[in-house]
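For reference, the structure discussed in these notes is given below.
Chain naming here is simple, since letters A, B, ... match the order of the sequence lines and numbering starts at 1 in each. Atoms considered below: every heavy atom in the structure, side chains included; atoms not considered: hydrogens, waters and symmetry mates.
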Amino acid sequence: MTATATNPANSKPNRNTVRATQRRELLILLGFLAVIWAVTTALSPRFLTPANLKDILIQAAPLGFVVIGQMIVIIVRGLDLSVASIMATVAVLSTALIDSTPVIFIVGLLLGAFIGAINGYLVAYRKVTPFLATLATMIVLQGIRFAYTKGAPGGTLPEMFRWLATGDILGIPVALIALAVVGFGMHWLLERTVFGRRLKLYGDSPEAAYMTGAPTKLLVVMAFVISGVLAAIAGLFLVGYVGIVDNWTGRGYELDSIAAAVIGGAALSGGKGSVPGVLLAALILVSLFNIVVILGLSIELQLVIKGTLIILAAAVYMKRSQG
Amino acid sequence: MSTIARATRAQPVHLVVIALIAIVFVIGFSASDRFATPLNMANVQDQMVALAIVALAQTIVILSGGIDLSYAGALSFLCVVFAAIAGDSAGALLLAMAAVVALGILIGMINGGITAYVGVHPLITTLGTSTILAGAALLITRQPSGSVPLFFEDFTYGRLGVMPFGMIFVIALYLLIGFMLWRTTFGTRIYAIGDNEAAAAVSGLPVRQTKVAIYALSGLLCAVAAMYMTGRFGVGDPRAGVGFDLRSITPVIVGGTLLAGGKGGVLGTALAVILLAFLANVLNFMNISSYYQWIAEGLIIIAAVSFFAGKGKS
């Protein structure tokens with residue numbers, strides 16, 4: 001719906017308008033985050049402490065990785081329902097098979113890339129709807145994971161692995177440094193390279209992208225590969241943080257990441273999305289979770305707030321793009 | 001007219017699914033003596049009733065080019081409300097039925113309203129309402145609670161020969177919705193909107209109102225499924241609907257209805273529900289763990305959609 005509103009042939013002023021809109025959306029998100037933080041600070045002295053803020057940021061890191069990947073897929077008119085399953089499968093298989101932390105990460109990322117490539121192949125070459133392709137991968141991975149572990153994953157995590165997820169360098173959590181590096185890298189890729197421009201062009205109009213000679217099928221595959229790799233990273237950081245490998249690691253991240261991507265300004269019709277936007281949205285979602293706990297509200301209320309927020313955010317963007 | 005022809009024509013997918021059902025039956029016969037018993041046949045039917053109703057609702061929504069992910073939250077919420085009101089008298093049961101049906105329709109109208117009038121993607125709308133309703137169900141009660149009159153519970157367990165009452169009800173429901181899709185203006189509009197929404201709007205169809213009606217119908221069917229499930233459980237489980245959002249989609253797709261809308265119908269969904277239920281049953285007889293059943297389910301989805309990909313928009 002928004003795709004028709006945007007002219008695929010981005011003339012210069014047009015792109016500036018897009019940038020201005022993105023900046024305004026970022027400000028709205030920042031404003032919203034400031035408001036909920038301010039309200040919570042007024043209600044509870046336990047919220048605005050360095051320790052609690054650090055907790056929020058560390059907890060937001062895995063969702064941050066996933067949401068960037070989800071956004072890249074959404075930009076090419078896709079959707080990745082398999083991210084949570086990738087997180088758990090990568091975490092379960094690679095930590096069970098290997099003891100060395102660097103090798104766990106290398107194998108994990110390769111596995112994530114491989115699964116992403118399968119998703120991308122099904123979508124780009126077999127013309128399967130992204131929703132179904134990734135739904136099927138999600139279920140198959142779930143089966144493989146449970147069949148391999150017979151329902152009870154075991155294995156201990158190496159010391160270094162735990163440190164990566166919970167430790168810090170000069171007071172800054174390692175997970176956040178990793179997220180910052182990936183975030184800047186993906187932002188640069190999306191906004192400053194031909195690859196990024198082609199991704200957005202494809203999302204605006206697949207035909208136009210094809211006409212310019214872009215390898216459109218490969219673009220879609222690459223988007224899913226990126227999502228798979230980032231989900232793998234997120235899964236490894238999450239099990240490292242929790243300290244236990246679980247068959248349901250990351251459960252709920254598929255829908256949370258879609259929600260965060262949409263709240264952060266990605267349009268399901270494709271072509272639109274920014275790394276700072278979706279990262280802020282992820283931070284908002286995780287903050288809400290933390291706030292519910294800090295204020296001693298029931299956990300169930302968190303679901304009601306989250307659902308309302310998802311619909312409101314999407315409604316606000318729709319109104320803006322129509323008006 | 002072509003719409004009606006498209007809906008009623010036996011499609012290759014139906015034959016494929018029927019052939020698969022036959023294969024599953026042959027494997028079932030050879031796998032266990034207990035497979036072909038009346039008791040097992042009745043049990044399998046019991047297990048498909050709730051999913052069959054929800055998949056029917058999903059079929060209508062997907063035919064119109066939409067999607068309804070609200071069942072997970074909506075079923076949980078409606079089950080809890082139903083059991084909270086129904087209590088143990090016939091009067092309370094009637095009140096609970098009226099309340100749950102009204103709430104189901106209201107949930108659907110909210111889904112449809114936000115989707116059609118605000119323009120939010122149905123995936124996001126229904127994901128949002130599902131999350132809210134899941135929270136609401138747990139706010140009402142964290143543990144399964146409430147009750148239904150004993151005679152209603154007995155009714156959901158009742159059987160006519162090898163056929164559970166629930167199954168007879170499901171067949172009637174499929175025939176009714178099938179008739180609605182093939183022979184009424186509303187049905188034709190659903191196909192038209194799913195086929196090409198812009199064209200439907202240009203040709204003067206009330207696209208927005210129709211969408212609200214579609215999601216309302218989906219919510220109504222969801223309420224029916226919730227009443228049946230509560231009757232079977234005997235209590236209102238605040239997690240009754242977990243998983244039904246994605247589970248409801250599989251039979252629709254395997255039955256040949258395109259996710260993009262406009263093509264498919266209830267016959268395919270019915271056959272796919274039968275296939276999936278008997279497949280799970282036979283795999284259980286073969287002592288194959290549910291882990292491998294997941295792998296089989298995922299591969300069946302991929303096989304089904306890859307088979308139809310390229311035959312029209314997908």
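- Contact annotation for B:I249: only side-chain heavy atoms (C-beta onward) come within less than 4.5 Å of a heavy atom of chain A.
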Which is it for B:L246 and A:M138 under the side chain to side chain contact (heavy atoms under 4.5 Å, CB included) test, yes or no, and what are the steps along the way?
CA-CA 11 Å; B:L246 298 180; A:M138 172 188 110; 3.6 Å; yes
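- In this structure, A:F146 and B:W294 have perpendicular ring planes: the angle between them is above 60°, well past the 30° mark.
- Taking CD1 of A:I310 as the start and CG of B:L123 as the end, the distance is 10.5 Å to the nearest 0.5 Å.
- For A:L268, the part sitting under 4.5 Å from any heavy atom of chain B is the side chain, from C-beta outward, and nothing else.
- Listed by chain and residue number, A:E300, A:L301, B:L139, B:R142 satisfy the side-chain contact (heavy atoms from CB on, under 4.5 Å) test with A:S298 (two or more places apart in sequence, or in another chain).
- Note that CD1 of B:I302 is 8.0 Å distant from CD1 of A:I118, once rounded to the nearest 0.5 Å.
- The greatest number of non-hydrogen atom pairs below 4.5 Å with chain B, out of A:I144, A:L303, A:L122, is found for A:L303.
- With sequence neighbours left out, the ring-ring contact (aromatic ring centres under 6.0 Å, His included) criterion links A:Y148 to no other residue.
- The shortest heavy-atom contact between B:G298 and A:A136 is O-CB, 3.4 Å.
- Counting non-hydrogen atoms of neighbouring residues, nucleotides and ligands closer than 6.0 angstrom, the CZ atom of B:F285 exceeds 12 such neighbours.
- In this structure, B:I301 and A:L132 approach most closely via the heavy-atom pair CG2-O, 4.2 Å.
- In this structure, CD1 in B:I253 is found 8.5 Å from CZ in A:F131, a value given to the nearest 0.5 Å.
- Residues passing the ring-ring contact (aromatic ring centres under 6.0 Å, His included) test with A:Y210, sequence neighbours excluded: none.
- Between the CD1 atom of A:I139 and the CZ atom of B:R247 there is a distance of 10.5 Å, given to the nearest 0.5 Å.
- Side chains of B:I124 and A:I258 form a contact here, defined as non-hydrogen atoms less than 4.5 Å apart.
- Scanning residues 125-136 of chain B against chain A with a 4.5 Å non-hydrogen threshold yields B:T125, B:L127, B:G128, B:T129, B:T131, B:I132, B:A134, B:G135, B:A136, sorted by number.
- Here the CG atom belonging to B:D245 is positioned 7.0 Å from the CG atom belonging to A:L255, to the nearest 0.5 angstrom.
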